[in-house]
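Since the structure comes first, as structure tokens, the remarks are kept for the end.
Remember, predicted model here, so these are calculated numbers, not experimental data.
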Amino acid sequence: MGRLRSIIVGLVALILLSPLATVGSSEAVAARKAARPKPKQLSPAKCEMPKFRIVVDVGHTPDSYGALSARNDPEFGFNFRLARLITAKLKSEGFAETRLLVTDGKARPSLFKRISAANQGRTDLFLSVHHDSVPDKLLETWEFDGAKSYFSDRFSGHSLFVSQQNPHFASSLMLARMIGKQLKEQGLHYASQYTLPVMGRYRHQLLDKDVGVYRYDGLVVLSRTRSAAVLLEAGSIVNRDEEMEMNSPERQEVVAGAVAAAMREFCERR
């Protein structure tokens, strides 16, 4: 009797499960995607300026220096100088817990180092500072100081990126918009090329067409940090004219001042 019962139970299970065998692979993938939980959006922390923990991340590392400028200067140097100035500006505004984050090593391992440093430090806000380039297919060649160099004068401007996978997406977007607004008020324009097909895999959804905020879910430093996170591309260093501007103390002061003003407004809104 026990054996017969086992056979009957097995047959019933087979009948109940048989419809699943007819589901195609594409339908199964769709079902898994539909079932995948969306990132939980967390409530923003209260902002008390002296206690608000801000990490200003220097994009890239000395070993993995990012893009080369039109005059063959590594992006890391541009990022370090501007990030250091932004950190000093924020501290002078009363954000005493602001710290500069510099990582070492190769590209991908360094990404996880900075995420770990931010998350373990219970960061309230993560700002990653970069300078822009273009896809290789858009670069042209010229000679500078006797060396072959690459440039693209076709595009210029800053841009801001946020990730919808970040648990504080709403706060990230709010800060990015505030920074974009401050930069616009200083007479600067944002890089509009990210909406164009020519950008290929670097093409992104424009979330705010007034101040240049884009969605970029694939950026690890935006999607995997537990705090609100924004990535700033301060300007194009492969554009020969803008490279010179980005190297000037005057332009760096304008950008750093815009970030500090936006951060004050952001804190007041919290």
Side-chain angles (χ1 to χ4, degrees), residues 57-60 64-83 86 107 127-145 147-163 173 176-219 221-222 230-259 262:
D57 168 52
V58 179
H60 302 289
S64 181
Y65 51 74
L68 276 179
S69 76
R71 292 169 177 82
N72 293 321
D73 288 326
E75 180 192 345
F76 176 79
F78 289 85
N79 298 345
F80 179 77
R81 289 188 292 273
L82 181 58
I86 290 172
L127 175 68
S128 191
V129 178
H130 291 252
H131 288 74
D132 218 351
S133 182
V134 295
D136 289 348
K137 64 182 179 181
L138 300 179
L139 291 171
E140 303 176 61
T141 59
W142 73 313
E143 189 174 293
F144 177 74
D145 275 355
K148 185 178 181 181
S149 307
Y150 297 89
F151 75 96
S152 176
D153 293 339
R154 181 176 174 184
F155 303 115
S156 63
H158 60 267
S159 48
L160 293 143
F161 295 93
V162 294
S163 169
L173 180 58
R177 282 175 165 154
M178 290 174 177
I179 295 174
K181 176 174 170 284
Q182 290 292 334
L183 291 169
K184 183 178 180 179
E185 288 180 358
Q186 294 299 319
L188 303 179
H189 68 276
Y190 73 85
S192 59
Q193 70 265 21
Y194 283 101
T195 61
L196 302 177
V198 72
M199 294 299 289
R201 65 188 180 95
Y202 297 105
R203 189 180 184 188
H204 298 291
Q205 179 186 2
L206 182 60
L207 299 177
D208 192 315
K209 65 179 181 180
D210 184 46
V211 296
V213 180
Y214 294 91
R215 175 183 170 185
Y216 197 165
D217 289 343
L219 286 175
V221 294
L222 297 183
V230 175
L231 186 142
L232 167 66
E233 295 277 6
S236 175
I237 55 172
V238 293
N239 180 299
R240 290 175 293 186
D241 289 338
E242 191 160 61
E243 177 196 9
M244 299 298 288
E245 293 174 16
M246 299 311 304
N247 246 333
S248 71
E250 294 79 14
R251 179 66 169 267
Q252 293 166 14
E253 284 284 342
V254 166
V255 175
V259 172

Closest heavy-atom pair and its distance - [X], [Y]:
| X | Y | answer |
| --- | --- | --- |
| Asp217 | Ser163 | OD1-OG, 3.3 Å |
| Ser64 | Ala107 | OG-CB, 3.3 Å |
| Asn239 | Asp241 | OD1-N, 3.1 Å |
| Ser128 | Asp57 | OG-OD2, 2.6 Å |
| His158 | Val211 | NE2-O, 4.3 Å |
| Val238 | Ala70 | O-CB, 3.8 Å |

Give a yes-or-no answer on whether the side chains of Asp132 and Tyr194 include a donor-acceptor pair shorter than 3.5 Å.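 Yes, side-chain donor-acceptor contact under 3.5 Å.
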(Q) Quiz question: by atom type and distance under 3.5 Å, do the side chains of Ser69 and Glu243 form a donor-acceptor pair? (A)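 Yes - a donor-acceptor pair under 3.5 Å links their side chains.
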Keeping [X] on the side-chain end and [Y] on the backbone end, is there a donor-acceptor pair under 3.5 Å?
| X | Y | result |
| --- | --- | --- |
| Glu242 | Ser236 | yes |
| Arg71 | Arg240 | yes |
| Asn79 | Val58 | no |
| Gln252 | Met246 | yes |
| Gln182 | Ala258 | no |

Nearest 0.5 Å, what's the [atom1]-[atom2] distance between [X] and [Y]?
| X | Y | atom1 | atom2 | result |
| --- | --- | --- | --- | --- |
| Leu82 | Leu232 | CG | CG | 7.0 Å |
| Phe76 | His130 | CZ | NE2 | 11.0 Å |
| Phe155 | Ser133 | CZ | OG | 11.5 Å |
| Ile86 | Ile179 | CD1 | CD1 | 8.0 Å |
| Phe161 | Leu222 | CZ | CG | 9.0 Å |
| Lys181 | Asp210 | NZ | CG | 10.0 Å |

Can you check whether [X] reaches [Y] side chain to side chain, under 4.5 Å on heavy atoms?
| X | Y | answer |
| --- | --- | --- |
| Val255 | Arg251 | yes |
| Ile237 | Asp73 | no |
| Glu140 | Phe151 | yes |
| Ser156 | His189 | yes |
| Gln193 | Val198 | no |
| Asp153 | Trp142 | no |
| Arg154 | Leu138 | yes |
| Tyr190 | Leu206 | yes |

Can the ring centroids of His131 and Phe78 be said to lie less than 6.0 angstrom from one another?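 Yes; Phe78 has its ring centre under 6.0 Å from that of His131.
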Open item on the list: Is it the case that over 12 heavy atoms from other parts of the model lie below 6.0 angstrom from the OH atom of Tyr150?
Closed with: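 12 or below, so no.
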Item to complete: May I ask you to decide if the ring planes of Tyr216 and His204 are parallel, tilted or perpendicular, using 30° and 60° as cut-offs?
Response: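 Answer is tilted, since the angle falls between 30° and 60°.
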